[in-house]
Amino acid sequence: MKLLFENWRKYLKEEKSIKVIMPPTDLQQARDLIINNFETDEDGKINYSSPEGEKRGTPAEWVKTLPDSVLPHEAIHALQQKEMPELFAGSLEGAGALPTDWDEATDKQKEKYFSVPAEIMAFAYDYAANVTAPDATPEDIYNDYEKIGGEVFEKFKKYVETYKEKLDNT
């Protein structure tokens, strides 16, 4: 992979370690976690994208539409909402409204989305765990963050290093 840890390992060692959230390794546990901990509207429902388009339903209905490969990513978000709500503070508004079709999103909209702290952590896990989702490979994820650059890219690399250490120790 393109990521060269040698170039920035010293930089990471100088910083305090950062907290990451590990998703369950069991896919059914990940599904249950998402269903039971995902923040909903007052009616117990959420808006979500599915292969059939935009829908409104319960977290359980949404989870049924998710491929197994994205369950850890979404489980991280469920745990973030529970354990680290500060990662979401104002982030959805800050990300801007993305079009239903990701391919229609502008580069600026994508950059805002990838820059949300909760997304940086979840995508760093995807990269570190070598997760290939239906619409993104680990290399795609790395390239998206490299293109953004700056503090966002540095934060991404810190999360990747922390996740790689945790994954190597399991």
Side-chain angles (χ1 to χ4, degrees), residues 18-138 140-142 144-145 147-148 151-152 155-156 158-160 162-163 166-167 170:
I18 57 175
K19 180 181 177 186
V20 294
I21 294 175
M22 294 297 289
T25 55
D26 178 86
L27 293 179
Q28 187 56 51
Q29 287 179 349
R31 284 182 188 89
D32 294 342
L33 177 71
I34 296 164
I35 291 167
N36 295 321
N37 292 291
F38 213 85
E39 191 173 304
T40 63
D41 293 334
E42 291 176 6
D43 62 358
K45 295 185 177 181
I46 59 172
N47 295 321
Y48 63 91
S49 295
S50 77
E52 295 84 39
E54 291 298 306
K55 293 199 172 202
R56 181 160 180 80
T58 66
E61 293 168 328
W62 173 56
V63 167
K64 288 179 185 176
T65 70
L66 297 175
D68 289 349
S69 61
V70 301
L71 289 172
H73 181 105
E74 296 304 332
I76 288 172
H77 287 324
L79 286 167
Q80 288 169 334
Q81 287 179 338
K82 182 178 176 181
E83 298 176 18
M84 302 172 82
E86 67 276 7
L87 289 180
F88 287 99
S91 63
L92 296 178
E93 298 81 18
L98 288 173
T100 306
D101 185 352
W102 180 253
D103 293 332
E104 293 176 11
T106 66
D107 286 343
K108 187 170 180 124
Q109 286 173 314
K110 289 178 182 180
E111 181 177 328
K112 284 183 179 182
Y113 173 76
F114 283 121
S115 299
V116 170
E119 292 299 343
I120 298 170
M121 182 188 292
F123 279 115
Y125 173 83
D126 294 345
Y127 180 82
N130 202 29
V131 172
T132 298
D135 56 352
T137 66
D140 293 335
I141 293 168
Y142 183 86
D144 287 336
Y145 279 98
K147 184 177 176 184
I148 293 169
E151 291 179 28
V152 171
K155 181 67 119 180
F156 171 77
K158 288 179 192 178
Y159 280 132
V160 167
T162 303
Y163 273 123
K166 287 190 177 285
L167 290 166
T170 57

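Keep in mind that this is a model prediction, so the values were computed, not measured. Numbers here are sequence positions counted from 1.
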Which atom of V131 lies closest to which atom of S69, heavy atoms considered: CG1-O, 3.3 Å

Consider side-chain contact (heavy atoms from CB on, under 4.5 Å). Of L79, I18, T162, I76, which one does M121 pass it with? I76

Give me the atom names and distance for the closest heavy-atom approach of F156 to A124. CE1-CA, 3.6 Å

Which residue pairs pass the salt bridge (Lys or Arg N to Asp or Glu O under 4.0 Å) test when at least one of the two sits in residues 65-81, sequence neighbours left out? R31-D68

For a quick test of reading the model, state the closest non-hydrogen atom pair linking T58 to E61 and the distance between them. N-OE1, 2.7 Å

Backbone of D43 reached by a side-chain donor or acceptor of D41 within 3.5 Å: no

side-chain contact (heavy atoms from CB on, under 4.5 Å) with L33: of I35, N37, N36, only one passes, and it is N37

Out of curiosity, K64 NZ to S50 OG, how far, rounded to the nearest 0.5 Å? 13.0 Å

Do E119 side-chain atoms and V116 backbone N/O form a donor-acceptor pair below 3.5 Å? no

Nearest heavy-atom approach of I34 to P59 is O-CB, 4.3 Å

Donor-acceptor pair, side chain of E111 and main chain of I148, under 3.5 angstrom: no

Looking only at heavy atoms, what is the nearest atom pair of E39 and Q81, with distance? N-OE1, 2.9 Å

Does A118 offer a backbone N or O that forms a donor-acceptor pair with the side chain of Q80 under 3.5 Å? yes

Kindly state whether the ring of F123 and the ring of H73 have centres lying under 6.0 angstrom apart. yes

Test item: Y163 side-chain N/O and I21 main-chain N/O as donor-acceptor pair under 3.5 Å: yes

With sequence neighbours excluded, what pairs up with K147 under the salt bridge (Lys or Arg N to Asp or Glu O under 4.0 Å) test? D107

What orientation do F114 and Y145 show, parallel under 30°, tilted 30 to 60°, or perpendicular over 60°? perpendicular

Which atom names give the shortest non-hydrogen contact between T65 and S49, and what distance separates them? OG1-O, 4.4 Å

State which residues pass salt bridge (Lys or Arg N to Asp or Glu O under 4.0 Å) with E52; sequence neighbours excluded, sorted by chain then number. K55

Check this for me: E151, atom CD, are more than 12 non-hydrogen atoms of other residues, nucleotides or ligands nearer than 6.0 Å? no

Is any side-chain heavy atom of T40 closer than 4.5 Å to one of K45? no

Examine distances only and state if a side-chain atom of D140 and a backbone atom of T137 form a donor-acceptor pair shorter than 3.5 Å. yes

As an exercise, state the distance from CZ of F38 to NE2 of H77, rounded to the nearest 0.5 Å. 7.0 Å

Aromatic centroids of Y125 and Y159 separated by under 6.0 Å: no

